[in-house]
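The first residue of the sequence shown is numbered 1, and numbering continues consecutively from there. Quantities reported herein were computed from a predicted structural model and do not represent experimental measurements.
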Amino acid sequence: MSKKIDYSNNKKIENNSFGNGTHIADNIVNNIVNNIIEQKEQQDRPVYKPEPVWRSPLTLAVLTWLSCAIGILSLLPLREIVRYIRTVFSGSLESLNTNDMQISLLTFVALSMLFIITLTVRRIAKLQTRHPLICNFAISGYGRKIVIEKIYAKCPKCGGKMRYYNKPIEWEKKIYSDGKVKREVTKRIPVLECKRNHDHYYVVDCAEDRV
């Protein structure tokens, strides 16, 4: 008696259809096209050169301790301001010294502004980013040290000198009570902009390492 052979457990051969082959070929073509576009964009982008002008002794550690010290010092004039406010509400105006109050207020405002600046610079050092200042100068935190740089670049389209600054890209219209309409900038981005043709501008990544 012949033995029946069961083919049901045999592995099925996957269908290698023309559709799969076409999909693979499309992926290869898309990768090639994307590489060409990326190379073209890199060629069109300006090559800029940052030259260090001043290497400060301000490191991330120094800025951290400095911000803590300024924060503590700002509490001293704040205590005098609170005491002045309590005196006003209690009605004991005879014991008030206006000159001392003005000095305490100015000291508190100055220390508060210095505290905010220190925190901002500390963030730049922590994230190691670069940001425009004025006249093509920039502040960089590369290496977690604060460095002031001068940016040099030429336009890849016309060869003109380029300006490095925060370009406004979004505005908000505000209508005042007298009927005047004024635009206020709501967003800026760092760009390199050609001085010959302002349409030639390129967005610069603040986290880009160019040092």
Side-chain angles (χ1 to χ4, degrees), residues 34 37-71 73-74 106 108-176 180-211:
N34 290 334
I37 293 174
E38 185 177 352
Q39 292 177 0
K40 184 68 170 58
E41 289 178 350
Q42 291 178 354
Q43 291 176 357
D44 291 341
R45 289 184 61 82
V47 178
Y48 63 94
K49 181 182 179 183
E51 289 189 0
V53 177
W54 178 60
R55 298 182 185 273
S56 76
L58 298 177
T59 62
L60 179 60
V62 172
L63 290 168
T64 300
W65 284 107
L66 191 61
S67 60
C68 291
I70 296 173
L73 287 175
S74 62
L106 291 174
F108 177 72
V109 171
L111 288 174
S112 298
M113 292 179 63
L114 188 59
F115 181 69
I116 294 173
I117 293 172
T118 305
L119 287 182
T120 303
V121 175
R122 181 187 177 276
R123 179 177 173 81
I124 293 173
K126 182 180 180 181
L127 300 180
Q128 302 187 67
T129 54
R130 177 182 290 109
H131 301 271
L133 295 175
I134 57 172
C135 299
N136 275 31
F137 284 97
I139 180 172
S140 172
Y142 181 74
R144 296 192 172 181
K145 294 181 180 179
I146 297 301
V147 181
I148 303 299
E149 302 170 338
K150 180 77 171 179
I151 305 298
Y152 298 93
K154 283 189 176 182
C155 179
K157 291 185 178 180
C158 65
K161 292 182 179 181
M162 305 197 78
R163 176 190 176 195
Y164 182 52
Y165 75 111
N166 285 316
K167 185 181 182 68
I169 59 170
E170 292 182 4
W171 296 267
E172 186 179 78
K173 288 185 178 180
K174 287 195 173 183
I175 303 175
Y176 294 91
K180 292 184 179 179
V181 179
K182 187 178 180 181
R183 291 198 312 174
E184 291 189 2
V185 178
T186 57
K187 185 177 180 180
R188 297 175 182 266
I189 56 174
V191 301
L192 281 168
E193 183 179 271
C194 180
K195 293 182 179 181
R196 295 182 63 196
N197 188 341
H198 293 175
D199 291 333
H200 301 166
Y201 71 90
Y202 307 86
V203 179
V204 179
D205 185 1
C206 65
E208 188 174 20
D209 180 13
R210 288 283 184 177
V211 179

Within-4.5 Å side-chain heavy-atom neighbours: Tyr48 and Leu192: yes
Note, Tyr164 side chain near Pro190 side chain (heavy atom, < 4.5 Å): yes
Point-to-point distance, once rounded to the nearest 0.5 Å, from CZ of Phe115 to CD1 of Ile70: 8.0 Å
Point-to-point distance, once rounded to the nearest 0.5 Å, from NZ of Lys180 to NZ of Lys182: 9.5 Å
Lys150 NZ: over 12 foreign heavy atoms closer than 6.0 Å: yes
Check: Thr64/Arg122 side-chain N/O donor and acceptor closer than 3.5 Å: yes
Inter-residue atom distance Glu193.CD - Cys155.SG, 0.5 Å rounding: 10.0 Å
Heavy-atom pair of closest approach, residues Cys206 and His131: CB-CE1, 4.3 Å
Residue pair Glu149 / Pro50: nearest heavy atoms and the distance that separates them: OE1-CB, 3.5 Å
Heavy-atom closest contact (Pro156 atom, Met162 atom, distance): CD-SD, 4.4 Å
Where Thr118 and Leu63 come nearest, the two heavy atoms and their spacing: CG2-O, 3.8 Å
Side chain to side chain, Val147 and Ile139, heavy atoms closer than 4.5 Å: no
Heavy-atom side-chain contact between Arg144 and Gln128 under 4.5 Å: yes
Inter-residue atom distance Cys158.SG - His200.NE2, 0.5 Å rounding: 5.5 Å
Heavy-atom side-chain proximity of Val191 to Ile169 below 4.5 angstrom: no
Reference residue Lys187; test side-chain contact (heavy atoms from CB on, under 4.5 Å); the match among Glu170, Glu172, Lys167: Glu170
Exam field: side chain Asn166 to backbone Arg188, donor-acceptor pair closer than 3.5 Å: no
CG-CD1 distance between Leu133 and Ile148, expressed to the nearest 0.5 angstrom: 5.5 Å
Minimum side-chain heavy-atom gap Asn197-Lys157 below 4.5 Å: no
Smallest separation among heavy atoms of Ile146 and Ser56, with atom names: O-OG, 2.7 Å
Test log, rule salt bridge (Lys or Arg N to Asp or Glu O under 4.0 Å), inputs Glu51 and Lys49: CA-CA 6 Å; Glu51 289 189 0; Lys49 181 182 179 183; 3.5 Å; yes
Contact check, side chains of Trp171 and Thr186, non-hydrogen atoms, under 4.5 Å: no
Heavy-atom pair with the smallest gap, counting every atom of Leu73 and Leu111: O-CD1, 3.6 Å
Qualifying residue, where the test is side-chain contact (heavy atoms from CB on, under 4.5 Å) with Ser67 and the options are Leu119, Leu114, Val62: Leu119
Gap separating the CH2 atom of Trp65 from the CG atom of Leu60, nearest 0.5 angstrom: 12.5 Å
